[in-house]
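This chain uses plain numbering: 1 for the first residue, then up along the sequence.
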Amino acid sequence: MSEKIQKVLANAGLGSRRQIEEWIREGRVSVNGAVATLGDRMVADDHVRVDGQDIRLNKSTTQKCRVILYHKPEGEICSRSDPEGRTTIFDHLPPLRNGRWISVGRLDYKTSGVLLLTNNGELANQLMHPSSEIEREYAVRVQGQVTSDMLLRLRKGVRLEDGPAHFEEIVDGGGEGTNHWYHVLVKEGRNRMVRRLWESQGVVVSRLIRIRFGNINLPRALRRGRWTELTMDQIDELLDR
């Protein structure tokens, strides 16, 4: 069965449908040696090139691209199995007829909130690549005295064991004493970066929730341990941010 070129290439993780439509307008896409035009259709066996480079397509890359938002609870790990027998995020995901779910980054054992998963490896790699600089927003509850000098350092940057890091934004979320919240924004997915930044200032993170990844917010009605599937428009917006 034939499908529009931009849909097939988007499903293969090359970009969003809108991006690929622009490539087609610019004459950068060819199918079976002919320059493609908007509205053209193709099948998996067609020979596709983008900017003169061959694009390999097979059944796994032409299947429907799916992305789900999982509301990860605390106390689950992002590995497929655990020698200690702890619950993993994959215990609660919908089954796939072909392929498997790939986690777009990770959240640590004690962190909850937005976790995206997809059946498309190229899309997962694109979203995780440092060059993507996708915004990640967290709600953080900290224990300890937070000063204005400390917040300034966290915005300007501090040196962690794997290099300098900083918060793009820090917003006071209210609360008193050991129940004070902040909303912080980062554009990197380094391991435990949010926790390590706060800990570098001598305070303890007692609660950490990722409330947004790119344009995808944690739905208020989505209970912990449940998932919802993104629409193609949401996926396009995520890629076109």
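Using a 4.5 Å cut-off between side-chain heavy atoms of Ile, Leu, Val, Met, Phe, Trp and Tyr, with links allowed through other members, L117 and W227 fall into the same hydrophobic cluster. Hydrophobic cluster membership differs between L185 and V104, with clusters built from Ile, Leu, Val, Met, Phe, Trp and Tyr side chains linked at under 4.5 angstrom. There is a path of hydrophobic side-chain contacts, each under 4.5 Å, that joins L230 to M128.
Checking side-chain atoms of K72 against main-chain N and O of I89 turns up no donor-acceptor pair under 3.5 Å. With hydrogens and angles disregarded, no donor-acceptor distance shorter than 3.5 Å links the side chain of N217 to the backbone of P219. T118 contributes a side-chain N or O that, together with a main-chain N or O of R66, makes up a donor-acceptor pair within less than 3.5 Å. A donor-acceptor pair under 3.5 Å is formed between the side chain of H71 and the backbone N or O of L222. Counting only distance, with no hydrogens or angles, the side chain of T147 and the backbone of M150 share a donor-acceptor pair below 3.5 Å.
The line from CZ of R226 to CG of L69 is 14.0 Å long, rounded to the nearest 0.5 Å. Between the CD1 atom of I55 and the CD1 atom of I5 there is a distance of 12.5 Å, given to the nearest 0.5 Å. For the atom pair I211 CD1 and I216 CD1, the distance stands at 14.0 Å (nearest 0.5 Å). With values rounded to the nearest 0.5 angstrom, R195 atom CZ is found 14.0 Å from S200 atom OG.
Using a 4.5 Å heavy-atom cutoff, the side chains of L127 and I134 are in contact. A heavy-atom distance below 4.5 Å is not found between the side chains of L208 and K110. Side-chain contact between R141 and N179 is present, with heavy atoms from C-beta onward closer than 4.5 Å. Side chains of I235 and R17 form no contact here, defined as non-hydrogen atoms less than 4.5 Å apart. N120 places none of its side-chain heavy atoms less than 4.5 Å from the side chain of I102. The shortest distance between side-chain heavy atoms of I209 and T111 does not fall below 4.5 Å. For the pair S112/E74, a side-chain contact is recorded, criterion being any heavy-atom separation below 4.5 Å from C-beta on. Side chains of V50 and I20 form no contact here, defined as non-hydrogen atoms less than 4.5 Å apart.
Under a 4.0 Å N-O distance rule, the pair K4/D40 does not qualify as a salt bridge. Note on R86 versus E76: no salt bridge recorded, every NZ/NE/NH1/NH2 to OD/OE distance being 4.0 Å or above. The pair E137-R210 does not count as a salt bridge, with every side-chain nitrogen at least 4.0 angstrom from each carboxylate oxygen. Ion pairing between R41 and D46 fails under the 4.0 Å rule for side-chain N and carboxylate O.
By the side chain to side chain donor-acceptor pair (under 3.5 Å) test, E21 pairs with Q6, sequence neighbours left out.
Counting only N and O atoms by type, the side chains of D172 and H180 include a donor and acceptor under 3.5 Å apart.
When the shell of 6.0 Å around CZ of R25 is examined, it contains more than 12 heavy atoms from other residues, nucleotides or ligands. No more than 12 heavy atoms of other residues, nucleotides or ligands sit less than 6.0 Å from atom CD of Q53. Shown here is R80, whose CZ atom has more than 12 heavy atoms of other residues, nucleotides or ligands within 6.0 Å. Within 6.0 Å of the CG atom in D45, the count of heavy atoms belonging to other residues, nucleotides or ligands does not exceed 12. Under a cut-off of 6.0 angstrom, the local environment of CD in Q145 is sparse, with at most 12 non-hydrogen atoms contributed by other residues, nucleotides or ligands.
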Name every donor-acceptor pair, under 3.5 Å, that has one atom in a side chain of residues 154-161 and the other anywhere in the protein, sequence neighbours excluded.
residue	atom	partner	partner atom	Å
R155	NH2	I170	O	3.1
E161	OE2	R196	NH1	3.2

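Less than 6.0 angstrom separates the ring centroid of F167 from the ring centroid of W198.
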Output, in order, the C-alpha distance, side-chain angles, deciding distance and verdict of ring pair (Phe, Tyr, Trp, His ring centres under 6.0 Å) for W101 and Y70. CA-CA 11 Å; W101 291 115; Y70 178 60; over 10 Å; no

